[in-house]
Amino acid sequence: MSGAAIWDAAAAEAETRASLRELLEDAALSPGMKVTLDLRFAPGGGADRGGFIAAMKSAGCAGHAYEAEGREEIEAVVPAIPLAPDAVWAEEERAARIALAHGYEPMGWGFEAP
């Protein structure tokens with residue numbers, strides 16, 4: 001994404017569900033197993049780093065800033081969620097909406113398997 005934050009929730013949801021379907025079919029992962037979800041965000045125009053981090057903490061996420069490709073990014077960590085499309089999408093959507101409200105753009109997710 002470039003310029004103003006434009007996030008296509010329907011496309012993001014479809015991609016998340018397809019990715020999880022593929023992961024659950026191809027990997028030795030059990031549906032519903034607890035994972036730590038990592039969500040990544042990049043600053044857009046008018047990014048409010050302090051407000052974003054405070055809002056994510058209020059929403060129950062831990063996280064940190066790090067340097068990636070010459071810019072600061074934020075990683076939010078959501079512990080112990082079920083590895084299931086509905087659960088992952090709910091957290092991804094919730095965090096994306098908080099990020100967008102604070103000038104950050106969703107960059108994707110990953111997880112740590114137990």
Side-chain angles (χ1 to χ4, degrees):
M1 284 180 230
S2 63
I6 298 173
W7 184 64
D8 184 337
E13 180 178 11
E15 183 177 345
T16 291
R17 290 181 182 280
S19 295
L20 282 166
R21 238 184 342 268
E22 185 177 314
L23 279 170
L24 291 169
E25 288 172 4
D26 296 343
L29 302 172
S30 302
M33 68 190 285
K34 299 292 184 186
V35 297
T36 297
L37 185 64
D38 299 316
L39 301 155
R40 295 180 306 119
F41 305 93
D48 174 11
R49 182 180 189 262
F52 177 44
I53 291 173
M56 292 303 287
K57 285 183 179 180
S58 291
C61 298
H64 65 278
Y66 64 96
E67 187 78 16
E69 298 180 18
R71 69 173 177 205
E72 180 184 79
E73 293 187 4
I74 304 290
E75 180 180 63
V77 179
V78 184
I81 69 162
L83 186 60
D86 289 342
V88 172
W89 171 245
E91 293 298 335
E92 180 183 3
E93 181 181 32
R94 178 176 71 121
R97 294 195 186 285
I98 292 169
L100 291 166
H102 291 88
Y104 280 79
E105 299 176 10
M107 300 297 292
W109 58 268
F111 64 90
E112 295 178 31

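The first residue of the sequence shown is numbered 1, and numbering continues consecutively from there.
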J.: Determine whether Arg97 and Trp7 satisfy the following criterion, side chain to side chain contact (heavy atoms under 4.5 Å, CB included), listing intermediate values before the conclusion.
T.: CA-CA 9 Å; Arg97 294 195 186 285; Trp7 184 64; 4.0 Å; yes
J.: According to a 4.5 Å side-chain heavy-atom criterion applied to Ile, Leu, Val, Met, Phe, Trp and Tyr, with indirect links allowed, do Met56 and Ile81 form part of one hydrophobic cluster?
T.: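 Yes, same cluster.
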J.: For residues Ile74 and Ala65, report the shortest heavy-atom separation together with the two atoms involved.
T.: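 So the two residues come closest at CD1-CB, 3.8 Å.
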J.: Atom CG of Asp26 and atom CZ of Arg21: how far apart are they, to the nearest 0.5 Å?
T.: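 Spacing of CG (Asp26) from CZ (Arg21) equals 12.0 Å.
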J.: How close do His102 and Ala55 get, counting heavy atoms only, and between which atoms?
T.: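 It is CE1-CB, 3.6 Å.
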J.: More than 12 foreign heavy atoms under 6.0 Å from CD of Glu22: is that the case here?
T.: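 Counting other residues, nucleotides and ligands, CD of Glu22 stays at 12 neighbours or fewer.
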J.: Is it true that Arg71 and Glu67 make a salt bridge, defined as a side-chain N closer than 4.0 Å to a carboxylate O?
T.: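 Salt bridge: no.
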J.: Does any non-hydrogen side-chain atom of Lys34 lie less than 4.5 Å from one of Pro82?
T.: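 Side-chain contact under 4.5 Å: yes.
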J.: Can you spot which of Trp109, Phe52, Tyr104, Tyr66 makes a ring pair (Phe, Tyr, Trp, His ring centres under 6.0 Å) with Phe41?
T.: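 Output: one option passes, namely Phe52.
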J.: Rounded at 0.5 Å granularity, tell me how far SG in Cys61 sits from CG in Leu37.
T.: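 Atom-to-atom, Cys61:SG and Leu37:CG are 8.5 Å apart.
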J.: Quick check: is Val77 connected to Leu83 through a chain of hydrophobic side chains (ILVMFWY, heavy atoms under 4.5 Å apart)?
T.: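 No, Leu83 and Val77 fall in different hydrophobic clusters.
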J.: What distance separates Ile53 CD1 from Ile98 CD1, expressed to the nearest 0.5 Å?
T.: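 That separation rounds to 12.5 Å.
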J.: Apply the test side chain to side chain contact (heavy atoms under 4.5 Å, CB included) to residues Asp38 and Phe111: give CA-CA distance (whole Å), side-chain angles for both, the deciding distance (0.1 Å), then the verdict.
T.: CA-CA 5 Å; Asp38 299 316; Phe111 64 90; 5.7 Å; no
J.: Can you see which heavy atom on Leu100 is nearest to which on Pro106, and at what distance?
T.: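 For Leu100 versus Pro106, the nearest heavy atoms are CD2-CD, 3.9 Å.
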J.: Determine yes or no for a side-chain-to-main-chain donor-acceptor pair under 3.5 angstrom, with Arg94 supplying the side chain and Ala59 the backbone.
T.: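 Between the backbone of Ala59 and the side chain of Arg94 there is a qualifying donor-acceptor contact (under 3.5 Å).
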J.: Between Glu73 and Arg40, is there a side-chain N and carboxylate O pair less than 4.0 Å apart?
T.: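 Counted as a salt bridge, because a side-chain N and a carboxylate O are separated by less than 4.0 Å.
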J.: Got a sec: does the CD of Glu72 have more than 12 other heavy atoms crowding it under 6.0 Å?
T.: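 Yes, because the 6.0 Å sphere around CD of Glu72 holds more than 12 heavy atoms from other groups.
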J.: Just so I know, are the side chains of Glu92 and Leu39 near enough to count as touching, which here means a heavy-atom distance under 4.5 Å?
T.: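 Yes, side chains in contact.
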J.: For Gly60 and Pro79, work out which heavy atoms get closest and say how close.
T.: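 Shortest heavy-atom separation between Gly60 and Pro79 comes out as O-CD, 4.4 Å.
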J.: Hey, is Glu13 close enough to Arg17 for a salt bridge, meaning N to O under 4.0 Å?
T.: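 Looking at Arg17 together with Glu13, the answer is yes, because their closest N to O distance falls below 4.0 Å.
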J.: Flag yes if Val78 and Leu29 sit in one hydrophobic cluster, no otherwise; membership is Ile, Leu, Val, Met, Phe, Trp, Tyr, and two members link when side-chain heavy atoms are under 4.5 Å apart.
T.: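 Yes, Val78 connects to Leu29 through the hydrophobic network.
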J.: If you round to the nearest 0.5 Å, how far is CG of Leu20 from CG of Asp86?
T.: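 Asp86 atom CG to Leu20 atom CG measures 10.0 Å (nearest 0.5 Å).
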